[in-house]
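Everything on this sheet refers to the single structure shown next.
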Amino acid sequence: MSPAGDRFFARVYALVRQIPRGRVATYGQVAGMLGVPRGARAVGWALRALPAAQAARVPWHRVVGAGGRISPRGGPGPQIQSRRLRAEGVRFRGAVVDLARHGVLAGE
DNA sequence: GGGCTGACTGACG
DNA sequence: ACGTCAGCCAGCC
């Protein structure tokens, strides 16, 4: 089946929207949950196509690169993204997010 | 159907 | 630790 609502980006948004506050997931992580472990790039493409209207309800800032690195082309700006994450209480290790503590698969 | 692009990732030098 | 190269996936021309 392949209705309009089953598009890849729709699944990405739905999954990202379910990321709890203070929690962070990587592009590869999201891709893996969608069943495409090597589709990290596709996930980035999907978030890049994220409409501003959807951005309000989709916590795109909770999606970072492998190792917790903030993508240089993330949304309105990498600084905004990291700032938003910090506002949620996410711990940073320099310019890198502490996935061991806030990772989706990481323990509480 | 072929080729290009990109909010990625891991390997190399 | 840093810059570069090649591989992968989905959408658009």
Side-chain angles (χ1 to χ4, degrees):
Chain A
M1 63 186 229
S2 41
D6 268 23
R7 295 205 190 207
F8 186 77
F9 63 80
R11 282 187 268 172
V12 174
Y13 300 161
L15 184 58
V16 174
R17 200 177 358 173
Q18 288 167 56
I19 301 176
R21 181 179 171 285
R23 201 74 116 187
V24 179
T26 69
Y27 296 96
Q29 190 85 60
V30 175
M33 291 188 214
L34 290 177
V36 190
R38 270 130 181 139
R41 215 170 194 183
V43 173
W45 150 79
L47 287 179
R48 178 195 170 285
L50 177 68
Q54 298 268 351
R57 60 187 220 186
V58 178
W60 53 269
H61 59 281
R62 292 182 190 146
V63 184
V64 299
R69 289 165 10 224
I70 303 295
S71 296
R73 301 227 163 29
Q79 293 188 339
I80 303 300
Q81 182 172 7
S82 57
R83 183 170 164 284
R84 251 181 120 166
L85 289 173
R86 284 179 182 280
E88 294 186 354
V90 175
R91 261 194 185 185
F92 274 71
R93 213 185 225 210
V96 183
V97 177
D98 187 349
L99 290 180
R101 180 172 168 71
H102 301 285
V104 180
L105 300 184
E108 301 279 315

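Residue numbering restarts at 1 for every chain, and letters A, B, ... go by the order of the sequence lines. These values consider heavy atoms only, across backbone and side chains, with no hydrogens, waters or symmetry-generated copies.
Spacing between atom OH of A:Tyr13 and atom C1' of C:dA10 amounts to 12 Å, rounded to whole angstrom units. Atom OH in A:Tyr27 sits roughly 14 Å away from atom P in B:dG10 (whole-Å rounding). For A:Leu47 and B:dT5, the CG to C1' distance is 16 Å, given to the nearest whole Å. Atom CD of A:Gln29 and atom C1' of B:dT9 are 13 Å apart (whole Å). For A:Arg11 and C:dG11, the CZ to C1' distance is 14 Å, given to the nearest whole Å. The CH2-C1' distance, from A:Trp60 to B:dG6, rounds to 17 Å in whole Å. We find that CH2 of A:Trp45 is positioned 9 Å from C1' of C:dC9, with the value rounded to whole Å. Here the C1' atom of nucleotide B:dG6 and the CZ atom of A:Arg48 are 7 Å apart, to the nearest Å.
Spacing of P atoms, C:dC8 relative to B:dC12, comes out at 15 Å, to the nearest Å.
The base of C:dG7 is not paired with the side chain of A:Arg38 by any donor and acceptor separated by under 3.5 Å.
Using a 4.5 Å cut-off on side-chain heavy atoms (C-beta onward), A:Leu85 and A:Val64 make contact.
Under the Watson-Crick or G-U wobble criterion, with both distances below 3.5 Å, B:dG2 is paired with C:dC13. Across every strand in view, C:dC2 sits in a pair with B:dG13 that passes the Watson-Crick or G-U test at under 3.5 angstrom. For B:dC8, the paired base is C:dG7 (Watson-Crick or G-U wobble, both distances below 3.5 Å).
Among the nucleotides B:dA7, C:dA10, C:dC8, the one closest to any side-chain atom of A:Arg41 is C:dC8. Among C:dC9, B:dC8, C:dG11, the nucleotide with an atom closest to any side-chain atom of A:Phe8 is C:dG11. Considering only side-chain atoms of A:Ser71, the nucleotide from C:dA10, B:dC8, B:dG10 that sits closest is B:dC8.
A:Glu88 and A:His102 share no side-chain donor-acceptor pair at under 3.5 Å.
Between A:Trp45 and A:Phe8, the two ring planes are parallel [angle under 30°; tilted spans 30° to 60°].
If you run side-chain contact (heavy atoms from CB on, under 4.5 Å) between A:Thr26 and each of A:Leu99, A:Val104, A:Val63, only A:Leu99 comes through.
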